[in-house]
Structures are given as structure tokens and as C-alpha cells.
Asker: 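Take a look at this one; I'll ask things after.
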Amino acid sequence: MFPAWPTSYATILLGLALAGCQATTATETPVAAAVTAVPAGPAAAPVTPDSLRLTPTTPMPDLPDSIRQAVRRLHAQLGPEAATLRPEVLEQACVGYLTLRRAGRISHGGILAVADMDLPSSEPRLWVLDVRKAEVLHRSHVAHGRGSGYLRARRFSNTMKSACTSLGFYRTQDTYQGKHGLSRRLRGLDPGQNDNALRRYVVLHAADYASQDHLRRHGQLGYSRGCPALPPDQYRAIIQAVGEGSCLFLSGPGLASKWLDGEAAARQWAARGWR
């Protein structure tokens with residue numbers, strides 16, 4: 001079993017001014033710091049506030065046993081750094097990665113970046129994995145779009161100017177030097193769900209509102225305009241780790257992807273494993 005989620009967070013400040021990724025100012029309803037009272041006694045346990053209660057996820061139906069067992073082994077081998085990476089999210093990420101490799105849509109084998117955008121932004125919710133070596137290369141915070149919500153991302157959109165995060169699978173593209181410094185373009189691979197990423201300028205980049213200092217002061221990250229913005233002290237290493245042609249998966253409630261094809265993933269696994 002994985003450790004229980006934290007049961008309290010700092011009250012979120014009103015009128016948070018943001019910077020970066022075409023940043024704008026957002027106003028938030030504060031999240032209650034108190035949790036539901038629990039009767040005293042040896043069996044009593046803290047109750048997670050509704051604002052932090054994760055959306056239930058279920059294992060993929062009809063997934064070939066070879067893939068399910070391979071993902072379970074991988075999760076166990078990743079160790080403590082992946083303890084809060086939900087097995088069902090990793091399962092979807094791995095199936096999509098294998099299916100995309102089989103289809104030739106990603107060319108940098110072995111590297112898989114996974115962000116569980118259902119987790120609050122106060123939690124490290126991005127993992128960069130070397131699936132061949134079963135290693136966590138990086139674990140970090142990552143911001144969601146202003147249009148997607150506040151502490152938790154609850155709305156997702158592919159629409160231009162929505163300022164929302166878009167769920168699904170991405171292929172990492174080239175890097176460039178922009179107003180945020182080193183940045184990496186992202187190509188959305190799920191039609192209708194994230195395929196406007198290039199036109200929306202959804203990229204990996206650094207942001208002060210994703211820093212530890214911002215987190216200490218406000219109890220959560222600030223907001224982008226849809227970019228998965230990264231901490232300034234980690235962004236360069238992460239951008240370099242997910243080289244051009246790698247797979248990035250943004251998971252969240254309501255995800256639907258044609259790349260979640262268990263049979264195709266099983267064929268790729270039988271032929272090449274994680275390569």
C-alpha cells in the first residue's frame with residue numbers, strides 16, 4: 001500500500017499574481033485547512049478533505065497478463081521514489097508508450113515521463129523514468145494551466161486560449177531559447193484532446209511559480225496558460241532527459257486515448273520489451 005496523502009495544506013492566497021507561460025492573475029477560493037473531525041480512539045485515522053480526494057482510477061480492462069505483470073515488476077523496481085506514482089497511472093503510461101513505439105510515433109526508446117495531474121500541485125507529480133533500467137531519473141513538481149483549476153486540476157481542454165492543461169500522450173520535439181530560457185516543444189498525439197499543443201505553444205519550460213520558494217509561501221504552485229511548467233532548479237535536467245522523440249504522458253480525470261491499446265502494447269513488449 002502507498003502512504004496516505006497529506007491531510008492539510010496552507011491556505012491559498014487570494015489574487016495570486018503569476019508570471020511566465022503568458023501568465024495571468026487568478027483568484028482562488030481558499031481551501032479549508034481543517035480536516036473532517038474523526039472520533040478519538042486507537043482505530044481513528046485522519047480523513048482526507050474533499051479538495052484533496054483523488055479521482056478513483058481502475059486497472060485497464062482486458063489488458064494482457066504479460067503487460068500487467070511487466071508494469072507491476074517495473075513499479076516495484078522503481079523503488080521509494082515512485083511510491084506515490086499510482087499503479088493504474090503507470091499502467092496507462094506504459095501501455096501508451098509501448099503502443100506508440102510500435103506505431104513509430106516516438107523514437108527515443110526507454111524514456112517515459114509521467115505526470116499525474118489529478119494530484120494537487122503542492123505534491124511532486126512528475127516522474128521521468130528510464131524504463132529499461134527501471135530507474136527514476138527525475139521527480140519534480142509541475143504546474144497546470146490556470147483554466148484547469150487551483151490546487152487541483154479539474155478541467156482539461158484542447159481549445160485555443162482556454163489556458164487549460166490538455167491530457168494525453170505527447171511526443172517531445174526540439175528545444176529553443178525563449179523568454180523562459182531553455183524550452184522544449186510538445187506535439188500532442190491524441191486527436192481532439194491535445195493535438196493543438198504546438199499551436200497553443202504548450203512547451204516544457206521553467207517558471208518561478210513552480211519553485212520551492214513559491215510553494216513555501218503559497219502552499220501550492222502558481223498557474224501556467226496550459227504548459228507543464230517546471231521548477232527553475234530542475235527544468236534544464238528534465239528537458240535534457242526527455243530528448244527529442246520521447247514520450248510524455250499527462251494523466252487526469254476523463255482521459256481517453258486511442259494509444260491505450262493493450263493488444264498492440266503486448267505485441268511490442270513481446271518483440272522488443274521496453275526498448
Side-chain angles (χ1 to χ4, degrees), residues 1-10 12 31 33 35 45-60 68-97 111-131 133-144 148-154 156 165 167-170 204 210-212 214-216 218-222 228-231 233-235 237-238 241-242 247-255 260 274:
M1 298 294 292
F2 299 117
W5 302 112
T7 58
S8 65
Y9 293 84
I12 300 166
V31 175
V35 300
V47 174
T48 302
D50 287 344
S51 61
L52 301 178
R53 199 179 304 279
L54 300 184
T55 305
T57 57
T58 57
M60 289 181 59
R68 204 177 301 279
Q69 293 300 324
V71 175
R72 287 176 180 171
R73 287 195 301 271
L74 174 64
H75 194 276
Q77 292 167 350
L78 290 172
E81 281 290 290
T84 54
L85 174 53
R86 291 186 286 175
E88 298 83 4
V89 172
L90 179 61
E91 185 176 82
Q92 291 180 340
C94 289
V95 169
Y97 163 82
I111 301 299
L112 172 59
V114 186
D116 186 350
M117 303 305 281
D118 195 38
L119 292 173
S121 69
S122 53
E123 292 297 306
R125 53 182 177 175
L126 171 69
W127 293 262
V128 180
L129 310 176
D130 184 326
V131 291
K133 296 181 180 179
E135 294 179 358
V136 177
L137 302 179
H138 301 282
R139 181 189 179 204
S140 83
H141 290 84
V142 60
H144 56 254
S148 286
Y150 300 109
L151 179 63
R152 295 267 307 287
R154 300 177 183 275
F156 304 95
T165 294
L167 301 179
F169 290 92
Y170 294 80
L204 292 173
S211 67
Q212 288 295 318
H214 191 285
L215 182 61
R216 282 191 295 269
H218 302 289
Q220 67 163 93
L221 301 189
L230 302 169
D233 60 340
Q234 291 182 274
Y235 83 103
I238 291 172
V242 290
C247 180
L248 167 65
F249 177 53
L250 300 188
S251 172
L255 171 75
L260 295 177
W274 295 120

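Quantities reported herein were computed from a predicted structural model and do not represent experimental measurements.
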Asker: Will you find, in the side chains of Arg139 and Thr84, an N or O donor that is under 3.5 Å from an N or O acceptor?
Answerer: yes
Asker: Can you check side chain to side chain contact (heavy atoms under 4.5 Å, CB included) on Phe249 and Leu255, steps first, answer last?
Answerer: CA-CA 11 Å; Phe249 177 53; Leu255 171 75; 3.3 Å; yes
Asker: Check whether any side-chain heavy atom of Val136 lies under 4.5 Å from a side-chain heavy atom of Leu129, and answer yes or no.
Answerer: yes
Asker: So, Arg152 side chain and Arg53 main chain: donor-acceptor pair closer than 3.5 Å or not?
Answerer: yes
Asker: As an exercise, state the distance from CG of Leu167 to NE2 of His144, rounded to the nearest 0.5 Å.
Answerer: 12.0 Å
Asker: Report yes or no: does His138 contribute a side-chain atom to a donor-acceptor pair with the main-chain N or O of Ala113 at less than 3.5 Å?
Answerer: no
Asker: Between Leu74 and Trp274, is there a side-chain heavy-atom distance shorter than 4.5 Å?
Answerer: yes
Asker: Can you name the nearest heavy-atom pair linking Ala134 to Leu78, along with the distance?
Answerer: C-CD2, 3.5 Å
Asker: Please determine which of Val114, Leu112, Val131, Val242 meets the side-chain contact (heavy atoms from CB on, under 4.5 Å) test together with Cys247.
Answerer: Leu112
Asker: For Pro59 and Glu88, work out which heavy atoms get closest and say how close.
Answerer: N-CG, 3.7 Å
Asker: Which of these, Glu123, Arg125, Gln212, sits in a side-chain contact (heavy atoms from CB on, under 4.5 Å) with His141?
Answerer: Gln212
Asker: Do you know the tightest heavy-atom contact between Leu221 and Ala143?
Answerer: CD1-N, 3.7 Å
Asker: Can you tell me how far the OG atom of Ser121 sits from the CG atom of Leu215, to the nearest 0.5 Å?
Answerer: 7.5 Å
Asker: Find out whether Leu151 and Ser122 are in side-chain contact, i.e. whether some heavy atom of one side chain is under 4.5 Å from a heavy atom of the other.
Answerer: yes
Asker: Report yes if some heavy atom in the side chain of Leu137 is under 4.5 Å from a heavy atom in the side chain of Ile111; otherwise report no.
Answerer: yes
Asker: Can you tell if the side chain of Leu126 reaches within under 4.5 Å of the side chain of Leu230, non-hydrogen atoms only?
Answerer: yes
Asker: How far apart are the closest heavy atoms of Met117 and Val142, and which atoms are they?
Answerer: SD-CG1, 4.1 Å
Asker: Between Thr57 and Glu91, is the side chain to side chain contact (heavy atoms under 4.5 Å, CB included) condition met? List the steps.
Answerer: CA-CA 11 Å; Thr57 57; Glu91 185 176 82; over 6 Å; no
Asker: Looking only at heavy atoms, which two atoms of Pro253 and Asp118 are closest? And how far apart?
Answerer: CG-OD1, 3.5 Å
Asker: Return yes if some donor-acceptor pair links the side-chain N/O of Arg72 with the main-chain N/O of Pro87 below 3.5 Å, else return no.
Answerer: no
Asker: Heavy atoms, side chains only, cut-off 4.5 Å: are Phe169 and Tyr97 in contact?
Answerer: no
